[in-house]
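A quick write-up on the structure given underneath.
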Number of protein chains: 2
Amino acid sequence: MRIGELAARAGTTTRTLRYYESRGLLSARRAQNGYRSYDEGDLRLLRQIRTLQDFGFDLEETRPFVECLRAGHPQGDTCPASLDVYRRKLAELDALIGDLRAVRAEIGVRLASAGGEEPLCELEGPKL
Amino acid sequence: MRIGELAARAGTTTRTLRYYESRGLLSARRAQNGYRSYDEGDLRLLRQIRTLQDFGFDLEETRPFVECLRAGHPQGDTCPASLDVYRRKLAELDALIGDLRAVRAEIGVRLASAGGEEPLCELEGPKL
DNA sequence: TGTTGCCCTGACGTCGGCGTCAAGGACTAC
DNA sequence: GTAGTCCTTGACGCCGACGTCAGGGCAACA
């Protein structure tokens, strides 16, 4: 399949695929006319990348998963390097969520003491 | 006081102060030699901005607080526009935290089913 | 008088993940 | 043959909040 079809099937753009290729994440064979040519395996790689991106992984963090798939594993997350990324991400997320909850609490306090008319559990915005 | 002292007292840089000025958030009188001149009120404005930035507010979101202080209010968050920003931020944070918790849960599941040796409550990284 | 240390403006660089445009080649349908 | 759609590479644009550099002025002290 050509780049346009692959992009469409993965719900992304040709620009994105060329960008991934420039980053060394996705490679392509070439047809005689110079067009990139992909197969179902490439689609699986691409879907792995996109899923992780949707989770908030940056591109570099997806690399171990891609290499794991390229190495022939049926899942990208069965290799040790991928599991390490998962674990680091969990720690990152826990820290981030903790920070955000602290900020949320602080803003709640400030809102209550400054505007003080809405209870803290009122999260749907002002009643207006 | 001059820009270097103000920056030091607020724990930031002169570049940052000039940037805020370019965005219309912080104004400065000028001495005869052209140097920017600030007073304690400017320090309070700047600290208000920095506190909100630390909370994750973007610069535009700090504007109502700054204008509230400029209008003579002792606190930047007592004006209606500031309270609106607080409320929007709470909603944003709740949504974001919810998303992050969902991602965290999903990664936890994937880690458990792929590498399955660490219990879900193990958040301190691999035992090695 | 020279040296240091602050200040000035203007402008380009940074980061990530692409969007968008330009100029052209390839292929299909009619 | 020509219109239309796909593909190619290369390169600049974007966002936010500044960092960093260039080239120069002002002030104080030895």
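Just so we're on the same page: letters track the sequence lines, and every chain starts at 1.
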Does OP1 or OP2 of dC8(C) have a side-chain N or O of Arg18(B) closer than 4.0 Å?
yes
Can you check whether Arg36(B) has a side-chain N or O nearer than 4.0 Å to OP1 or OP2 of dC6(C)?
no
For Arg2(B) and for Leu59(A), find the nucleotide of DNA chain C with the closest heavy atom, then tell me which residue's nucleotide is more 5'.
Arg2(B)
Taking only N and O in the side chain of Arg30(B), is any of them less than 4.0 Å away from OP1 or OP2 of dC26(D)?
no
The reported gap from CG in Leu59(A) to CZ in Arg23(A) (rounded to nearest 0.5 angstrom) is 8.0 Å
Leu25(B) CG to dC18(D) C1', in whole Å, measures 14 Å
For Arg50(A) against Thr12(A), the heavy-atom pair lying closest together:
NH1-OG1, 3.8 Å
Check whether any side-chain N or O of Asn33(A) sits under 4.0 Å from OP1 or OP2 of dC27(C), and answer yes or no.
yes
N/O (side chain, Tyr20(A)) to phosphate O (OP1/OP2, dC18(C)) under 4.0 Å:
yes
Can you find a side chain N or O atom of Thr13(B) that sits less than 4.0 Å from OP1 or OP2 on dG19(D)?
yes
Considering just the side-chain nitrogens and oxygens of Thr16(B), establish if one lies under 4.0 Å of OP1 or OP2 belonging to dG19(D).
yes
Separation of dG16(D) P from Arg23(B) CZ (nearest whole Å):
9 Å
Atom pair distance, as rounded to whole Å: CG in Leu52(B) and P in dA17(D)
12 Å
Which nucleotide in the list dC6(D), dC18(C), dC7(C) gets nearest to the side chain of Tyr35(A)?
dC6(D)
Please give, in whole Å, the distance from dG13(C) C1' to Tyr19(B) OH?
15 Å
Nearest-nucleotide comparison on DNA chain D, the residue closer to the 5′ end among Asp58(B) and Arg15(B)
Asp58(B)
Heavy-atom donor-acceptor pair, Ser82(A) side chain to Gly76(A) backbone, under 3.5 Å:
yes
Would you kindly give the CD-to-C1' distance between Glu61(A) and dG17(C), to the nearest whole Å?
14 Å
Can you measure Arg63(A) atom CZ to dG16(C) atom P for me and round it to whole angstrom units?
12 Å
Spacing of CG belonging to Leu25(B) relative to CD1 belonging to Ile49(B), to within rounding of 0.5 Å
5.0 Å
Would you please confirm or rule out a distance under 4.0 Å between OP1 or OP2 of dC18(D) and any side-chain N or O of Gln53(B)?
yes
Select from Thr12(B) and Gly34(A) the residue whose nearest nucleotide in DNA chain D is closer to the 5' end of that strand.
Gly34(A)
Using atom CG of Leu46(B) as one end and atom P of dC18(D) as the other, report the distance to the nearest whole Å.
10 Å
Here the distance between atom P of dC7(D) and atom CG of Leu17(A), to the nearest Å, is 10 Å
Starting at CG of Leu111(A), measure out to CZ of Arg104(A) and round the result to the nearest 0.5 Å.
9.0 Å
